[in-house]
Structures are given as C-alpha cells and as structure tokens.
Amino acid sequence: MKNMREHPREQEAESAPGFPVPATSAEVLLDGHRATRDRVARSILDHGPSSAADLASRLGLTAAAVRRHLDGLAAAGLVESREQRVYGSRGRGRPAKVFALTECGRDAFYQAYDQLAADALRWIAEAVGGGKAGEEAVAAFARARFGKQGQKYLSALERAAADQRTEALAEALSADGYAATVRRVPSAASAAKAPAGAQLCQHHCPVAHIAEQFPQLCEAETEVFSQLLGTHVQRLATIAHGDGVCTTYVPAPGAAPSPAPGTGAAPTAGTTTETPTAPARRNPA
C-alpha cells in the first residue's frame, strides 16, 4: 500500500499552514487531495467504523494526516464520529472514538460503482433473453461470486470448534468489511436447557444498493452461509430491504432447523443496530 512518503507534493501541501477544508461532498472527493482522502473514506467503507489509529495503520499514514482528512470528510457530511460499540464486558475508561460513513458518504461511492454493477447484471439478464432465464443467469453469477468468497472463509471455519463456527464466520466477514458480529439468543425451543442459537449481524453491506434491484445477491449469500456452517440458516433482515442490519439466524449445532417465517418461534432480528431483538420488518425473498 502506498505511503505518504511516496507523494512528497501531497504531503507538503497537507502540512502547509491554512490547509483548506472542502465544504461539499464534491470538493472532498474531487479536489486535488482526492487520492488520499478517498482512500481514507474507502477504508471506512470496506472495514466499517474505524478509529484514526486504525486508519493510519491500514493506510500507512500518520495519525495527524488521517485526522486532517477526517475533519474534511466530517465537514462535508461524509463521515461522523461516534463512540465505539463494545460487545460484551468493557474495560475502564472512555470508549474509543470511531468514524463511520454517513448516508451521503456511502452515496458518494455507490453512485458510480453501483451503476456500473447494476448495468453489468442487467446486461447478463438481457443477454440470455430476460425473464425467468435472465433471473436465473443473475442468480448463477451471484452464487459463483459468493461461492468464491466463501472459499476464502472455509479454512477459518474448519479450524473453529462446532459451537464457534458462527463467530469464525463473523470474523472472516469483518475482515472483508462487513462489520459482522454475533449475538447468542435462546433456542426456538422453550426448554431451559435448550442450546442457544445465534444471530449473525452484518452492520455493513458493500452491495446493499445493488441487492435492492437484484435480490439474488442476498439469496446466494444466505446459501453460502448455510453451506459454510453446515446447517439451514434463516435470513431475517437485510439492509437492502431497509433494515438497519443484515441479520441471519443460525440454529445451534444439533438443533432443529428454524421454523418458517411467521410462526413466531424463531428469534427475530432488529431493524436497527440499536434494537437487535425487535421483530424483523420482513423476510426477504
């Protein structure tokens, strides 16, 4: 990855007094410092909410340079700071501050990449005649794409204990920018000793805007999860359908498959990251 020492002119400009802070999204992404500032924003997009120290380490920049870029992105409404969410027990001291993309920040990327991806998938569908054949062609592409992605995760899951495979998958997904977490929930069975299932939550989806038009992407991803975990899983909510989190219910090892949607027996996903146990808005196709 490129280091700022490879760009002396850019480094000199950023360290000069009165370094300007762009005021609009267009200025932030299109001004003379686009390359580095775009990398900062892209790193947040790929890895989820990040601290300045994390960004500096990933990008080979100084913490001071990263903070200047974050200030500019925040002034343009592309990123916002928040306290880092901690799952489980938290140590003493104030939570670390992390920076996340706003909707405007996501849109700055999506407008270009999403249009290209949507055009490509639409071309695939039309090339085979459209209709049902076109839908299946897109589905085949989605299965191939996520199947290849799943192969990267397979070794990590094979090393994990049976009851830790969901956590291993979440860790692998997070490394690819999905900001995934796992929440253990009671089994659908009411018995006190019934094993707990899990909610696999993806707080970021790089293809959410495309999946709104092509639900085959969500369906293929769910199939891959099922194959990797060796059990039937149930998708409860997706960002593409307007939910705050992509949430998948994974039954405990040896437990019966989760019931059909609408029976009320399976744990449900939240529609926002703050309320992960609220009923799901819908069950995506």
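For the single chain, residues carry numbers from 1 onward in sequence order. When reading the values below, keep in mind they use all heavy atoms of this one structure, side chains included, and skip hydrogens, waters and symmetry mates.
We find the CG-CD distance between Leu154 and Gln227 to be 10.5 Å, quoted to the nearest 0.5 Å. If you take CZ on Arg159 and CD on Gln164, they are separated by 14.0 Å, rounding to the nearest 0.5 Å. Between the CG atom in Leu45 and the CZ atom in Arg42 there is a gap of 5.0 Å [rounded to 0.5 Å]. Note that OG1 of Thr222 and NE2 of His232 are 9.5 Å apart. Values are rounded to the nearest 0.5 Å.
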Check the pair Thr248, Leu236 against side chain to side chain contact (heavy atoms under 4.5 Å, CB included), reporting the backbone distance first and the verdict last.
CA-CA 6 Å; Thr248 305; Leu236 302 173; over 6 Å; no
List the steps and the verdict of side chain to side chain contact (heavy atoms under 4.5 Å, CB included) for Val224 and Tyr153.
CA-CA 10 Å; Val224 170; Tyr153 306 155; 6.0 Å; no
Test log, rule side chain to side chain contact (heavy atoms under 4.5 Å, CB included), inputs Arg122 and Asp119:
CA-CA 5 Å; Arg122 200 166 290 113; Asp119 288 347; 3.5 Å; yes
Using salt bridge (charged side-chain N to carboxylate O under 4.0 Å, His left out), reason through Glu221 and Arg235 one step at a time and then give a plain yes or no.
CA-CA 10 Å; Glu221 184 183 62; Arg235 183 58 65 92; 2.9 Å; yes
Is there a side chain to side chain contact (heavy atoms under 4.5 Å, CB included) between Leu173 and Phe225? Walk through the geometry before answering.
CA-CA 11 Å; Leu173 287 166; Phe225 288 172; 3.9 Å; yes
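Put simply, the side chain of Tyr178 reaches to within 4.5 Å of the side chain of Pro206, judged on heavy atoms. Side chains of His69 and Val66 form no contact here, defined as non-hydrogen atoms less than 4.5 Å apart. Side-chain contact between Pro49 and Arg82: present, with at least one pair of heavy atoms (C-beta onward) separated by less than 4.5 Å. Leu61 is not listed as a side-chain neighbour of Leu55, based on a closest heavy-atom distance of 4.5 Å or more. The closest side-chain heavy-atom distance from Glu135 to Lys132 is below 4.5 Å. Counting heavy atoms from C-beta outward, Leu70 and Val40 have side chains that approach closer than 4.5 Å.
Linking ILVMFWY residues whenever their side-chain heavy atoms come closer than 4.5 Å, directly or via other members, places Phe146 and Phe141 in the same cluster. By the criterion of side-chain heavy atoms lying less than 4.5 angstrom apart, applied directly or through intervening Ile, Leu, Val, Met, Phe, Trp or Tyr residues, Ile239 is not grouped with Tyr249; the two fall into different hydrophobic clusters. Cluster annotation: Val128 is not connected to Val138 through the hydrophobic network of ILVMFWY side chains, with a link wherever side-chain heavy atoms come within less than 4.5 Å.
Checked by atom type and distance alone, the side chain of Arg39 pairs as donor or acceptor with a backbone atom of Leu59 at under 3.5 Å. Not one N or O on the side chain of Asp243 forms a donor-acceptor pair closer than 3.5 Å with the backbone of Ala237. At least one donor-acceptor pair closer than 3.5 Å links the side chain of Ser226 to the backbone N or O of Thr231. Panel note: side chain Arg165, backbone Leu228; a donor-acceptor pair is recorded below 3.5 Å. Judged by distance alone, the side chain of Thr102 and the main-chain N or O of Gly77 form a donor-acceptor pair under 3.5 Å. Within the 3.5 Å criterion, the main-chain N or O of Val182 finds no donor-acceptor partner in the side chain of Gln199. Put simply, the side chain of His203 never gets that close to the backbone of Thr181: no donor and acceptor are under 3.5 Å apart. Formation of a donor-acceptor pair under 3.5 Å by the Ser174 side chain with backbone atoms of Ala180 is found in this model.
Residues that satisfy the salt bridge (Lys or Arg N to Asp or Glu O under 4.0 Å) test with Arg143, not counting sequence neighbours, are Glu136. With sequence neighbours excluded, no residue satisfies salt bridge (Lys or Arg N to Asp or Glu O under 4.0 Å) with Arg145.
Across all non-hydrogen atoms, the minimal contact from Ala168 to Ala156 is CB-O, 4.1 Å. The shortest heavy-atom contact between Cys218 and Ala240 is SG-CB, 4.3 Å. Taking every heavy atom of both residues into account, Cys201 and Val245 meet most closely at CB-CG1, 3.5 Å. The shortest non-hydrogen separation linking Ile210 to Ala118 is CD1-N, 3.8 Å. The two atoms that bring Phe99 and Ser81 nearest to each other are CE2-CB, 3.7 Å, heavy atoms only. Contact between Leu200 and Ala170 at its shortest, heavy atoms only, is CD1-CB, 3.7 Å.
At a threshold of 4.0 Å, the pair Arg68-Asp71 does not count as salt-bridged, since none of the basic side-chain nitrogens sits closer than that to a carboxylate oxygen.
Counting only N and O atoms by type, the side chains of Ser57 and Asp54 include no donor and acceptor under 3.5 Å apart. Side-chain atoms of Ser50 and His47 form no donor-acceptor pair, as typed in the model, at a separation below 3.5 Å.
Summarising the local packing, CD of Glu171 is surrounded by 12 or fewer heavy atoms from other residues, nucleotides or ligands at distances under 6.0 Å.
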